[in-house]
Amino acid sequence: MDNIAGQKTSLSVVTNLSVILLVILWLIPTVGLLVSSFRSNDQITASGWWDSMFGVEESIRISPEPDGVTRDGDYYVLSGNLFAGGSGSVSGFGITAVAPDAAEPGQVYARYSVDVTEPDGTVDDTRVEFAYDADGAGTLPTEDDEGNPVVAGSEVLDRSLQVAENGDFTYISDSDIRRAPSVYVTTLQPPSFSLQNYQQIMTSDNMDRAFINTLTVTIPATIIPILIAAFAAYALAWMDFAGRGFLIAMVVGLLVVPLQLALVPLLQLHNRIGIGQSFLGIWLAHTGFGLPLAIYLLRNYMVGLPRDIIESAKVDGATDFQVFTKIVLPLSFPALASFAIFQFLWTWNDLLIAKVFLPSNSESWVMTVKIADDLLGSRGGDWGILAAAAFVSIAVPLFVFFAMQKYLVRGLLAGSVK
Amino acid sequence: MANLKLKDVAKTYGGTINVLKDINLDIKQGELIVFVGPSGCGKSTLLRMIAGLEKITRGTLEIDGQVVNNVPPAQRGIAMVFQSYALYPHMTVRDNMSFALKIAKKSPAEIEAAVAKAAKILQLDDYLDRLPKALSGGQRQRVAIGRSIVRDPKVYLFDEPLSNLDAALRVATRIEIAQLKESMPDSTMIYVTHDQVEAMTLATRIVVLANKGIAQVGSPLDLYERPNGEFVAQFIGSPAMNLLPGEVIGTGPQTTVKMGNGGVAVSDYPTQESDMGRHVKVGVRPEDFLEVATGVDFIFNGKVNITEALGEVTLLYFEKEEGAADPVIAKLPGIHTGLRGTEVKLGATPQKVHLFADGKSLLYR
Amino acid sequence: MANLKLKDVAKTYGGTINVLKDINLDIKQGELIVFVGPSGCGKSTLLRMIAGLEKITRGTLEIDGQVVNNVPPAQRGIAMVFQSYALYPHMTVRDNMSFALKIAKKSPAEIEAAVAKAAKILQLDDYLDRLPKALSGGQRQRVAIGRSIVRDPKVYLFDEPLSNLDAALRVATRIEIAQLKESMPDSTMIYVTHDQVEAMTLATRIVVLANKGIAQVGSPLDLYERPNGEFVAQFIGSPAMNLLPGEVIGTGPQTTVKMGNGGVAVSDYPTQESDMGRHVKVGVRPEDFLEVATGVDFIFNGKVNITEALGEVTLLYFEKEEGAADPVIAKLPGIHTGLRGTEVKLGATPQKVHLFADGKSLLYR
Amino acid sequence: DLKFAPGEGGFNWDSYNAFADQYDLPGQTVEITGPWTGNEKAKVDEVFKYFEAATGATANYSGSDSFEQDIVISSRAGSAPNLAVFPQPGLAADMAKQGLLTPLAEGTADWVAENYSAGPSWVDLGTYEGPDGNDALYGLFYRVDLKSLVWYSPIAFDEMGYDIPESMEELKELSQQIVDDGGTPWCIGLGSGAATGWPATDWVEDMMLRTQTPEDYDAWVSNDLKFNDPKVVEAIEEFGWFAKNDDFVQGGAQAVATTDFRDSPAGLFSIPPECYMHRAASFIPAFFPEGTEVGEDVDFFYFPAYEEKDLGKPVLGAGTLFGITKPSEATSAMIEFLKTPIAHELWMAQGGFLTAHAGVNPDVYAEDSQRAQGQILADATTFRFDASDLMPAEIGAGAFWTGMVDYVTGTPADAVATDIQNRWDSIR
Amino acid sequence: MSPMLQGFITIIIGVGGCVAYFYGSNLILDKLIFPPRNDDHGRNINRATLVRPWLFLFPAIFALGLYLVYPVVGSFIRSLYNRSGADFIGFGNYTQMFSEEGFRTALFNNILWALVVPAGATFLGLLVAQLTDKLRWGNIAKSLIFMPMAISFVGASLIWKFVYANTPEIGIINAVRNSIGLSPLDVMQIPFWNNFFLMVILIWIQTGFAMVILSAALRGIPEETIEAAIIDGANPFQIFFKIKVPQIMGTIVVVWTTITILVLKVFDIVYAMTGGNFDTEILPSYMMKFMFRDDGRATAVAFVIMIIVLPVMIWNIRQARREMR
Ligand SMILES: Nc1ncnc2c1ncn2[C@@H]1O[C@H](COP(=O)(O)OP(=O)(O)OP(=O)(O)O)[C@@H](O)[C@H]1O
Ligand SMILES: Nc1ncnc2c1ncn2[C@@H]1O[C@H](COP(=O)(O)OP(=O)(O)OP(=O)(O)O)[C@@H](O)[C@H]1O
Ligand SMILES: [Mg+2]
Ligand SMILES: [Mg+2]
């Protein structure tokens with residue numbers, strides 16, 4: 001098939017492009033999650049993940065320590081560098097949170113107390129703020145925010161701030177600077193990523209234990225239902241007995257049973273027969289809940305195998321057991337692999353069943369429980385952790401997917417029958 | 001070891017499609033029975049019923065006196081070559097062939113030997129480690145044959161085992177099968193084929209299936225020389241026997257028949273007075289026709305439409321007469337060229353002239 | 001409409017398995033070329049390369065002077081019957097046959113007519129509404145043939161189209177194909193078969209493939225009468241030509257060869273002085289052997305091992321001599337019984353005696 | 001490795017020693033499940049360590065986000081832990097009714113009444129009808145949340161020259177002034193996954209307490225005051241005054257319904273500020289950006305009452321309570337332990353904990369802010385428990401939530417209230 | 001014993017026990033109970049043939065019966081009782097439910113989900129399976145598209161918050177709208193269509209499932225039939241729709257069914273994204289509201305869900321019948 005001559009390249013280009021498009025569409029959300037997993041919770045809520053790649057213009061509040069205040073006439077002066085001990089580049093600054101980029105670096109930003117004439121004629125005092133170049137003298141605006149004319153000559157300098165691009169600043173105030181003043185600068189924040197979230201997950205107590213527990217739950221809970229279902233599927237597909245149709249119908253019907261219905265009665269049952277909350281219990285539970293889908297998928301696949309091959313094996317003297325193990329099972333690899341992937345995913349990501357059927361002590365926690373109950377900040381708000389957890393737990397299933405994908409092969413049946 | 005007895009066996013697919021009915025057949029241990037019949041007449045179906053792969057709708061199948069209608073295939077002691085090969089796609093050629101032996105818990109050495117032997121016979125040595133998908137059609141078929149001959153079953157069932165093989169290999173394999181049969185005189189074989197030569201050379205008896213039932217059973221020569229009706233007469237032998245209409249004009253131990261356009265046929269078939277004037281079909285095999293000189297009695301004369309030179313013989317296709325289903329064909333020994341478009345007169349010796357009335361042979365009444 | 005030209009074509013599977021090499025072949029428009037060759041020699045592969053289903057590893061394929069190595073199959077104007085049928089399992093017989101026409105946007109009436117005609121020829125009328133899985137092997141094959149003949153392609157490719165058919169149907173279909181060919185003298189057909197008769201009767205030229213290449217190309221009679229080597233000599237004709245060792249004792253326009261155990265063969269093959277004393281193989285086809293009386297020159301004598309009576313002829317298998325690969329076979333006209341175990345002397349006319357040295361024919365040097 | 005060395009600090013070590021002398025239960029285990037996870041779980045684990053040290057028993061605490069579901073499943077299935085920590089009384093009452101809880105030892109009710117501030121009301125809140133129809137004390141409150149708080153950024157207030165409002169009227173004025181100044185006064189987020197809507201119920205409850213009498217509030221809880229009573233509708237519309245005004249809430253009224261409550265305080269901290277005030281319970285600092293210091297970067301004030309209504313200083317609160325799901329000797333010991341002041345102080349000292357226990361030493365509070373919250377509690381003229389936690393789950397954790405979402409997204413208040421009332425009627 | 005070893009041993013015991021059952025029971029059947037010896041050779045074999053299917057089926061039937069049938073029957077009975085479980089009220093829960101606006105909305109939405117999600121996921125899955133089939137980097141593409149399958153529903157909902165969030169700083173949709181000057185929009189609050197935005201999430205997840213199964217099926221198609229179609233002149237689209245799709249119809253039904261059933265079980269997405277508000281409730285999330293509070297009502301919803309699947313079930317049983325013939 002890959003051998004066919006003259007396959008059109010244009011078609012393959014279109015195919016490639018559309019797959020790329022689809023993949024990108026599919027990835028956008030996931031990439032978002034991935035990026036978020038390297039960010040702290042605050043960053044996640046502050047800016048979009050797509051912005052996180054680039055540095056962001058961000059306004060921050062800096063409160064320089066009020067050491068070394070000098071006196072200059074009526075005014076108190078504080079000067080220094082805003083990025084004490086670090087470096088940065090200021091693209092704007094201000095003295096209130098409302099206008100953190102009111103002035104450009106090199107300018108002076110000043111606040112004056114002034115008198116204004118209100119529309120009704122009364123004179124009121126208010127404040128005006130304006131920026132001017134450091135070398136030139138500032139011109140006072142003639143109106144305040146509301147458009148009232150300023151009474152000329154009434155101005156008194158409240159405070160002023162001058163910040164250079166490298167962070168050098170001079171802060172002048174008419175009152176003593178005892179508390180650290182709040183200076184707002186707008187700077188380019190470098191992208192900030194850390195492995196903090198991952199570290200928190202990976203290094204938390206007993207994580208290894210939880211990992212092993214998860215495997216202990218997952219592996220048998222994947223293999224056992226497959227095994228049981230494969231036998232049942234074979235019987236339903238290739239063996240002749242009364243009630244076959246009814247059983248098939250029943251399996252389809254049971255596919256839809258909501259899990260929640262079954263939890264309480266089953267746990268009661270487990271307690272009654274002495275299994276209690278244990279690994280055995282959770283295997284059985286996963287097996288029971290996974291079986292309908294497994295039988296359904298496998299049966300449908302097996303029915304499609306060429307009849308002649310199975311008959312041939314029977315003529316060769318194989319019993320049903322041998323036909324199943326030697327012929328049907330190997331030929332059903334694609335279906336087995338697909339189902340294995342799904343059952344694995346399902347048990348791997350499961351939280352509900354693990355919580356119900358395993359003891360609640362931390363000794364028997366699986367990873368999902370560990371993450372949900374132990375790591376996630378209270379009430380599940382920590383998106384960073386959640387994102388990292390999602391990626392930590394994605395790794396193994398993806399590995400399984402890769403490992404299994406090679407069984408989803410083409411032409412397994414090629415050459416067997418005409 | 002194995003006598004087979006089919007009693008009133010019938011097969012219906014899906015309740016309505018009637019494929020076979022009233023099949024009665026005794027197969028003795030050691031026989032090699034060949035099923036022939038037109039495509040779709042139910043040969044494979046019959047074989048599959050014997051194998052136990054298809055339920056018998058009505059009637060019984062006995063193996064060695066035991067009714068086995070409900071015995072599963074594995075317990076019937078049979079080996080089968082499927083028309084569709086039915087190779088195990090996930091196993092190499094070697095594994096395909098040794099599968100049955102492994103199931104039977106034979107020792108590895110034994111298996112190895114059996115496989116090697118079969119591979120040699122079937123010229124598959126070079127392919128033992130390939131998967132079926134990397135084989136040619138003929139190679140796949142050989143694997144399918146190999147799979148059955150490595151075993152030692154009571155009954156062999158072959159469904160057109162040689163159809164994809166080249167002539168040389170076909171002859172060789174046919175002879176292998178004959179020898180296999182000879183070396184195991186006790187085993188019973190049932191063989192479906194479309195190849196006349198295969199049928200003729202291999203069969204102890206041939207079963208001709210037609211029209212949902214058995215048309216005739218007999219030894220190859222029987223069928224060839226004494227077909228019980230027009231169907232068998234035309235089915236056995238290739239090209240098929242020519243059937244020409246005529247009217248009985250002389251009876252007795254030999255019968256004389258007046259043909260159309262002036263010909264006269266004399267047959268060794270005996271007839272009675274009462275047959276006088278009866279409309280019959282005169283059957284002459286293409287290879288039994290002889291060119292006769294003008295003036296001599298001829299059975300048929302006509303204009304040659306096509307000639308096919310096959311080397312040792314030449315086939316003459318005559319122009320089809322009105323009303324006739326098929327053109328008359330003659331097979332003359334040697335190479336004849338330049339006959340196309342000429343008029344040729346044909347006759348035959350009385351032993352070789354068959355007579356049929358109402359589709360039945362006048363020999364069998 | 002279509003001339004095909006293969007130039008140095010080669011095919012390698014998976015980089016290492018070398019299947020075909022140095023294939024050079026000119027196929028003229030309107031020819032019916034038959035590929036024959038041992039099973040697994042690459043016939044299907046060559047056909048698939050012509051169809052475009054398999055990339056050509058090396059060399060070029062031209063159709064009507066244009067290199068089409070990279071032209072997709074659909075644009076090559078071909079129809080193909082697959083060895084494995086390749087029916088669409090989800091479509092009824094009717095839909096299988098009309099698929100290509102529907103794709104080509106033919107009108108429903110046209111499609112209906114074409115399908116009805118093909119179904120009639122192939123006796124599939126009753127099965128038009130069945131799915132392939134409810135058909136017998138032969139019926140499936142017929143559907144596959146039907147699928148190709150409803151179309152009107154430039155080139156037909158048939159991969160063993162008749163192997164599962166019974167003799168009568170096979171003859172009928174063969175003739176249909178011949179007539180189809182005749183009615184469309186412009187269309188080119190390439191045909192793979194294992195059936196000698198098919199090859200001989202249908203082919204304009206036969207291509208014998210062997211040993212990864214072409215052994216000989218020629219008209220059927222050419223190959224039959226003048227094989228260019230032992231391989232072709234034995235491959236064409238069934239049973240295969242007998243090859244007997246001998247020593248040249250007389251040269252000239254006719255050659256005399258001294259055989260083992262006292263026989264003498266005279267051949268019409270011319271030889272030169274220098275060939276005197278040369279060890280050659282004397283080839284005689286089984287059907288060319290004649291029983292000769294004692295005292296007369298014989299080419300071979302031996303004890304009959306097995307006889308096979310085929311009706312018109314009888315096959316004699318002689319006991320294999322030491323060192324010989326195959327037993328000598330003779331095909332004598334008529335029915336001979338009771339020869340088993342007796343000594344028989346065989347001769348042949350000089351035209352029918354072939355001579356080979358070192359595997360090559362002495363005619364072609 | 002106990003966090004606070006015994007005998008040191010202002011802790012009530014006497015009560016600890018007395019408890020330790022009384023109990024010796026080596027080898028026994030107490031299984032506890034509750035809603036505390038993460039940080040909070042770490043803190044409560046510290047507390048339990050002292051229990052272990054004192055008794056020799058083991059205390060296993062596991063927390064879960066879906067605690068409400070888990071506890072029902074496990075106790076019905078018969079594999080309940082010994083103790084469960086209920087985040088609201090409603091679920092505990094349900095389980096008590098089904099016989100899944102064991103009443104606390106006799107005399108506990110009296111003890112609570114005596115030793116908790118506003119003791120009798122805590123007794124009431126922990127008393128439910130058992131399967132036999134008799135009332136009994138099932139729950140012991142441990143940890144109280146204060147809900148009537150408004151969080152703000154002192155620096156922002158400073159810069160803008162805003163003052164902390166002393167009354168609801170002032171609060172409304174301030175809101176308007178902020179808008180006039182070009183800002184957005186409030187951040188409100190109702191999003192909480194399946195529980196979306198619950199933060200609005202707190203608003204409405206606070207408004208109920210500020211517009212109606214405590215008696216009306218109680219009647220409302222018991223549905224003696226219908227949900228669609230004009231009084232209730234008025235309270236809902238009071239909430240709407242803030243939440244349904246596009247100018248008043250960050251992102252506009254539409255955003256209120258979907259913004260996650262955990263993300264909603266973020267606006268307080270952004271520069272320029274996206275909002276200036278956020279009404280939330282005492283636990284909200286858990287969702288502030290990392291490194292935020294309460295008192296410095298953020299502070300709170302009491303969600304004030306109307307001056308004109310003269311309803312005093314009502315306070316809305318909530319609390320978690322311990323209930324016995326599987327009695328054992330060690331379990332009873334644990335309840336006894338929780339009655340000691342030290343058990344409360346140990347968490348108080350780790351921060352994020354208020355208590356109604358009157359015997360604790362306020363000095364051990366980790367932060368001044370907590371002390372201040374304690375002060376608000378103490379100053380309250382009326383204390384009422386979160387109404388939605390007391391209503392039947394279908395209402396308090398269902399119809400009320402979704403009703404509030406409907407309300408903020410456009411449905412009129414009376415329609416919403418009628419809907420909820422209908423639901424309430426239907427479950428009787 | 002190290003936990004690793006302990007885990008390993010438990011795994012061995014668990015899986016080994018299962019294998020031992022099948023192997024052992026077959027052996028016992030053949031060798032001990034009905035040995036094909038003596039005079040009852042044939043009869044014993046027949047008996048064994050009668051028993052064997054049940055041997056194969058026993059563990060499955062046992063597990064299904066215990067883990068599904070038993071709770072279902074119990075639940076059905078429970079759905080006939082009132083809230084407390086004390087009083088039998090017949091179909092009271094059902095009639096009550098149908099009279100409620102909320103339930104009807106959930107039912108309507110759910111039917112919408114059951115139609116749209118399987119169709120969307122199956123179609124996209126088929127598309128991806130087909131497109132990636134021949135690509136050299138097809139396996140990588142597939143893995144990437146499969147990835148959402150490996151993320152838990154909660155994780156997935158979180159991811160989509162980054163897409164749908166109504167602030168341009170968090171939600172990518174609004175970031176895009178913002179950049180082209182549109183005002184932010186909360187897609188979760190657009191009536192009716194918000195359902196579709198939620199469905200997109202499940203489609204995004206389930207496409208991977210459909211893709212894996214369908215791509216296995218596509219690969220199972222006999223290549224000759226495709227070659228035949230190529231020769232018949234079919235273009236890639238025709239090959240896909242007329243040759244490939246019909247041949248994997250059985251698998252498409254399977255995928256469709258599986259996803260439909262999943263749709264009827266998954267509540268997490270609605271739960272986490274909207275909590276069922278803005279008229280996005282679906283039956284499973286509606287059920288969760290009652291679960292463990294009013295079991296009578298919850299189980300009644302469960303049975304309504306099962307009834308919705310009835311058509312799909314019947315479709316499947318028909319298909320199975322057709323195959324068995
Ligand atoms: N996929 C493959 N990989 C490796 N070898 C192959 C493959 N397909 C075919 N072959 C080999 O190529 C050779 C030619 O195969 P091909 O099918 O062309 O033979 P053929 O002449 O048609 O034979 P037959 O008459 O038996 O059909 C065979 O020997 C076969 O084993
Ligand atoms: N599953 C089926 N349902 C209905 N009819 C069937 C089914 N299988 C086979 N048939 C029909 O039964 C008849 C006999 O089929 P069978 O395969 O036995 O023929 P056959 O003699 O082997 O032919 P061939 O020589 O072509 O292989 C055919 O006409 C076929 O169409
Ligand atoms: Mg057949
Ligand atoms: Mg071939």
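Letters go in sequence order (proteins before strands), and every chain restarts at 1. Because only heavy atoms are used, hydrogens play no part in the values below, and waters and symmetry mates are left out as well, while side chains stay in.
When side chains are defined from C-beta on, A:T30 counts as touching E:W204, because their heavy atoms get closer than 4.5 Å. The shortest distance between side-chain heavy atoms of A:I20 and E:W137 falls below 4.5 Å. A heavy-atom distance below 4.5 Å is found between the side chains of E:L131 and A:S18. The side-chain heavy atoms of A:M250 and E:I61, taken from C-beta on, include no pair separated by under 4.5 Å. Between A:L345 and E:F146 there is a side-chain heavy-atom pair separated by less than 4.5 Å.
The greatest number of non-hydrogen atom pairs below 4.5 Å with chain A, out of E:S143, E:A141, E:P71, is found for E:S143. Contact count versus chain E (heavy atoms, under 4.5 Å) is highest, among A:D350, A:V217, A:L398, for A:L398. Among A:L215, A:V251, A:L291, the residue with the largest count of heavy-atom pairs under 4.5 Å with chain E is A:L291. When each of E:L55, E:T257, E:V19, E:L64 is checked for heavy-atom pairs under 4.5 Å with chain A, E:L64 comes out on top. Interface remark: of the candidates A:P220, A:A233, A:G243, A:A221, A:P220 forms the most heavy-atom pairs closer than 4.5 Å to chain E. Counting heavy-atom pairs under 4.5 Å between each of A:A395, A:S36, A:S12 and chain E puts A:S36 at the top. Contact tally against chain E (heavy-atom pairs below 4.5 Å) for A:V19, A:T15, A:I223: the top residue is A:V19. The candidate from E:L264, E:I213, E:I308 with the greatest count of non-hydrogen atom pairs under 4.5 Å with chain A is E:I213. Per-residue counts of heavy-atom pairs under 4.5 Å with chain E were compared for A:L27, A:L284, A:D320; the largest is that of A:L284. Looking only at heavy-atom pairs under 4.5 Å with chain A, the residue among E:W160, E:F162, E:Y70 that has the most is E:F162. Top candidate by heavy-atom pairs under 4.5 Å with chain A, chosen from E:V128, E:T258, E:N139, E:V163, is E:N139. Per-residue counts of heavy-atom pairs under 4.5 Å with chain A were compared for E:V69, E:T207, E:V72; the largest is that of E:T207.
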* **E:T251 vs A:Y301, side-chain hydrogen bond (donor to acceptor under 3.5 Å, both in side chains): CA-CA, chis, key distance, verdict** => CA-CA 8 Å; E:T251 314; A:Y301 186 88; over 6 Å; no

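Looking at A:F211, neither its backbone nor its side chain comes within 4.5 Å of chain E, counting heavy atoms on both sides. With a 4.5 Å cut-off on non-hydrogen atoms, A:V264 touches chain E through its side chain but not through its backbone. Of the atoms belonging to A:A229, not a single heavy atom falls under 4.5 Å from chain E. Proximity to chain E is limited to the side chain of A:H270, based on heavy atoms less than 4.5 angstrom apart. Heavy atoms of A:A285 lying under 4.5 Å from chain E belong to its backbone as well as its side chain. For A:L266, the part lying near chain E is the side chain, with the backbone staying farther off; criterion is any non-hydrogen pair under 4.5 Å. For a residue to count as touching a neighbouring chain, one of its non-hydrogen atoms must lie under 4.5 Å from one of that chain's; by this rule A:L227 touches chain E with backbone and side chain alike. For A:L255, the parts lying near chain E are the backbone and the side chain together; criterion is any non-hydrogen pair under 4.5 Å. Within the 4.5 angstrom heavy-atom criterion, only side-chain atoms of A:Y234, from C-beta onward, approach chain E. The contact between A:L254 and chain E is made by backbone and side chain atoms together, counting heavy-atom distances below 4.5 Å.
Closest approach of A:F321 and E:N26 over heavy atoms only: CD1-ND2, 3.2 Å. Between E:I151 and A:N349, the shortest heavy-atom distance links the atoms C-ND2, 3.9 Å. The shortest non-hydrogen separation linking A:I228 to E:P59 is CG2-CB, 3.6 Å. In terms of heavy-atom proximity, A:P292 sits nearest to E:L68 at CG-CD1, 3.3 Å. Between E:P53 and A:D240, the closest heavy-atom pair is CG-O, 4.5 Å. Minimum heavy-atom separation, E:A216 to A:P334: CB-CB, 4.1 Å.
Distance CG/A:N16 to CZ/E:R136: 9.0 Å, rounded to 0.5 Å. Between atom CG of residue A:L247 and atom CG of residue E:L57 there is a gap of 6.0 Å, rounded to the nearest 0.5 Å. With values rounded to the nearest 0.5 angstrom, A:F401 atom CZ is found 9.5 Å from E:M149 atom CE.
A:T287 and E:Y67 are not linked by any side-chain donor-acceptor pair at a separation below 3.5 angstrom, with hydrogens and angles left out of the test.
Aromatic ring pairs are classed by plane angle as parallel below 30°, tilted from 30° to 60° and perpendicular above 60°; the pair E:F209 and A:F342 is tilted. Using bins of under 30°, 30° to 60° and over 60° for the plane-to-plane angle, the ring pair A:F231/E:F22 lands in the parallel bin.
Side-chain atoms of A:W26 do not come within 3.5 Å of backbone N or O of E:L144 as any donor-acceptor pair.
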